[in-house]
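Accompanying notes for the structure given below.
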There are 2 protein chains.
Amino acid sequence: MSIVGSQSLDQPFVIFHAKFAASETFFGKDQEIFGESEPADCIYEVISGAVRSYKLLGDGRRQICAFHFPGDIFGLENSLSYRFTAEAIVDTGVRVVRRPSLEFMATIDVKVAHNLLNLTNRSLLHAEHHMLLLGRKRSREKVAAFLLEMDERLAGTGMIALPMTRRDIADYLGLTLETVSRELSYFRARGVLKFSGITQRQIELQDRQGLEALDC
Amino acid sequence: MSIVGSQSLDQPFVIFHAKFAASETFFGKDQEIFGESEPADCIYEVISGAVRSYKLLGDGRRQICAFHFPGDIFGLENSLSYRFTAEAIVDTGVRVVRRPSLEFMATIDVKVAHNLLNLTNRSLLHAEHHMLLLGRKRSREKVAAFLLEMDERLAGTGMIALPMTRRDIADYLGLTLETVSRELSYFRARGVLKFSGITQRQIELQDRQGLEALDC
DNA sequence: CGACTATTTGAGGCGTATCAAGAAGTGTGG
DNA sequence: CCACACTTCTTGATACGCCTCAAATAGTCG
């Protein structure tokens with residue numbers, strides 16, 4: 001229904017131009033790709049795997065601002081340093097472009113500049129949508145929205161293979177991992193979803209309307 | 001300390017170019033400037049007054065995404081329709097530019113395109129910062145962060161004249177108005193702030209460090 | 001298989017919401 | 001200027017949703 005969160009477009013962004021794009025780089029599970037307040041040298045596109053980007057409070061409380069899946073671009077900054085930390089959730093391959101070369105291209109290629117703006121706007125759209133969730137939705141509605149977003153971004157088939165832990169989900173939704181688990185159990189008990197695979201991360205949506213009714 | 005939320009720059013943005021800028025338009029208190037999902041025709045700069053932009057859930061729960069003060073630009077979109085509703089908090093004057101003329105300028109003037117990107121990035125920075133607040137801070141920390149943000153954006157002198165109600169503050173912070181009121185009372189009882197004017201909206205910060213300690 | 005991590009589930013507590021009533025502040029008309 | 005109606009704000013009592021702590025189960029990896 002909503003395209004929020006998806007970075008896929010009808011046409012690929014002209015940002016990772018062949019002439020400037022570096023080859024694929026790999027990061028292992030839980031490996032940091034860049035850290036908050038590090039110099040923002042590079043921009044990344046996920047090739048395979050999944051990435052979380054988050055901010056921390058002084059005492060360790062964590063807010064995951066976004067998950068990035070294959071095709072998504074992250075690490076776009078206009079300031080000198082990154083605004084958050086990015087980590088691979090599972091083994092992940094990314095394409096890297098150095099910022100200076102991108103900015104150079106933006107000055108000579110209108111299409112690149114336009115795509116940069118589009119990408120940033122897309123992130124902003126997602127962030128504003130997520131503010132509504134964080135500030136005003138209850139735990140059940142948050143988890144419902146999460147499942148619908150993941151289904152849409154990962155497959156759209158109702159068969160979801162989550163790469164992230166319950167804690168990641170909780171830190172994305174502003175909940176605890178126990179509350180996330182309880183709400184998933186609630187949905188399972190109601191037949192809204194079931195754990196289809198051998199693990200608890202493979203989820204099959206049985207009643208999408210039941211979730212959409214909660215997504216408001 | 002933080003520049004989050006402030007849209008002021010060393011140099012003014014070259015967006016409201018003399019050739020294209022319309023004259024000042026006025027909106028009365030609580031008047032809608034544009035509505036969510038209306039066609040995004042125009043872009044606005046606050047001249048005087050204050051604006052809130054918010055999203056709603058189906059049952060009326062409201063999340064204020066941002067406040068806009070003189071000098072701030074809002075209503076920037078890349079999609080066809082606005083992403084939220086904008087209302088004047090008090091009597092407000094705004095400068096208006098039609099989007100098509102702005103987009104035209106962006107194609108012929110690199111500086112305009114660059115400023116558009118900068119503005120969008122600034123909004124994104126604020127949104128991500130606010131997600132951390134909404135998802136992971138307690139009510140006291142939220143109110144402390146709010147007071148510091150307002151001080152910085154409205155004056156920076158420690159004398160704050162809030163244009164918005166407790167309900168607006170609550171909907172910005174993901175709280176109820178009663179909780180906001182209680183936390184303000186708490187800070188007042190501790191001598192962190194006092195109500196300096198004849199109304200409860202004029203606040204004088206007595207102990208900024210006390211607030212910054214909570215802002216983390 | 002054994003050690004470890006991730007997840008579920010239960011019991012109880014805390015923080016914020018809800019409901020309610022009164023005080024403070026604002027605006028209007030006489 | 002005051003009287004009155006209305007809105008906003010404060011404060012108290014209580015309820016409840018989510019968090020915390022704890023322990024058992026499920027899943028992963030050597």
Side-chain angles (χ1 to χ4, degrees), chain A residues 28-30 52 57 59-63 89-91 133-144 146-147 160-190 193-203 214, chain B residues 28-30 52 57 59-63 89-91 133-144 146-147 160-190 193-203 214:
Chain A
K29 185 187 171 201
D30 294 330
R52 59 179 166 250
L57 289 176
D59 61 0
R61 279 174 283 173
R62 182 178 70 156
Q63 178 62 48
I89 296 175
V90 293
D91 291 352
L133 178 148
L134 290 171
R136 285 301 179 219
K137 289 190 181 180
R138 330 179 178 293
S139 62
R140 184 153 304 156
E141 299 165 329
K142 287 178 175 181
V143 174
F146 171 78
L147 289 169
I160 311 174
L162 295 173
M164 73 288 282
T165 66
R166 299 292 190 256
R167 172 170 294 280
D168 286 334
I169 300 172
D171 286 348
Y172 181 58
L173 299 178
L175 297 170
T176 61
L177 65 92
E178 292 94 335
T179 297
V180 170
S181 178
R182 271 184 253 271
E183 294 304 336
L184 288 174
S185 296
Y186 169 88
F187 285 132
R188 185 164 49 150
R190 298 297 172 99
L193 58 82
K194 68 177 190 186
F195 292 167
S196 57
I198 140 180
T199 112
Q200 294 124 319
R201 300 222 193 143
Q202 274 155 283
I203 291 175
L214 286 171
Chain B
K29 185 185 172 203
D30 294 330
R52 59 178 167 251
L57 289 176
D59 61 0
R61 278 174 283 173
R62 184 178 69 156
Q63 178 63 48
I89 296 175
V90 293
D91 292 352
L133 177 147
L134 290 170
R136 286 300 179 219
K137 288 189 179 178
R138 327 180 178 295
S139 61
R140 184 153 304 158
E141 297 165 330
K142 287 178 176 182
V143 174
F146 171 78
L147 290 169
I160 311 174
L162 295 173
M164 72 288 281
T165 65
R166 301 290 190 258
R167 172 169 294 280
D168 286 334
I169 300 172
D171 286 348
Y172 181 59
L173 300 178
L175 298 170
T176 60
L177 64 91
E178 293 94 334
T179 298
V180 170
S181 179
R182 271 184 251 273
E183 293 305 335
L184 289 174
S185 295
Y186 170 89
F187 285 132
R188 186 165 49 148
R190 298 298 173 99
L193 59 82
K194 68 176 189 187
F195 292 166
S196 56
I198 141 180
T199 113
Q200 295 124 319
R201 301 220 193 141
Q202 274 155 284
I203 291 175
L214 285 171

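One distance of note links CG of L162(A) with CD of Q202(A); it measures 9.0 Å at 0.5 Å rounding. To the nearest 0.5 angstrom, R61(B) atom CZ is 4.0 Å from E141(A) atom CD.
S181(A) places no side-chain N or O within 3.5 Å of a backbone atom of L177(A) that could act as its donor or acceptor partner. Not a single donor-acceptor pair under 3.5 Å links the side chain of R166(A) to the backbone N or O of E178(A). Of the possible donor and acceptor atoms, one in the side chain of D91(B) sits under 3.5 Å from a partner among the backbone N and O of K29(B).
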Open item on the list: What does the B/S/- profile of nucleotides 13-20 of chain D look like, 5' to 3', with a 4.0 Å heavy-atom cutoff to protein?
Closed with: B----SSB

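Remark: R136(A) engages D171(B) in a salt bridge (charged side-chain N to carboxylate O under 4.0 Å, His left out) (not counting sequence neighbours). For D30(B), the salt bridge (charged side-chain N to carboxylate O under 4.0 Å, His left out) test picks out R52(B), with sequence neighbours left out. In terms of the side chain to side chain donor-acceptor pair (under 3.5 Å) criterion, residue partners of T179(B) (sequence neighbours excluded) are, by chain and number, T176(B).
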Give each protein N/O atom lying under 3.5 Å from an N/O atom of nucleotides 23-27 of chain D, with the pair distance.
{"residue": "dG27(D)", "atom": "OP1", "partner": "I198(A)", "partner atom": "O", "Å": "2.9"}

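Nucleic acid contact for S181(B): base, since at least one base atom lies under 4.0 Å from a heavy atom of the residue.
Judged by distance alone, the side chains of R182(A) and Y186(A) never bring a donor and an acceptor atom under 3.5 Å apart.
Here chain A contacts DNA chain C (any atom closer than 4.0 Å to a heavy atom, that is under 4.0 Å), and the contacts span dA6(C) to dA11(C) from 5' to 3'.
Within a 6.0 Å sphere centred on CZ of R201(A), heavy atoms belonging to other residues, nucleotides or ligands number more than 12.
Rounded to an integer number of Å, the gap from CZ of R167(B) to C1' of dC6(D) is 16 Å. dT10(D) atom P lies 17 Å from atom OH of Y186(B), rounded to whole Å.
In terms of position along DNA chain D, the nucleotide closest to K29(B) lies nearer the 5' end than the nucleotide closest to the other residue of the pair S185(B) and K29(B).
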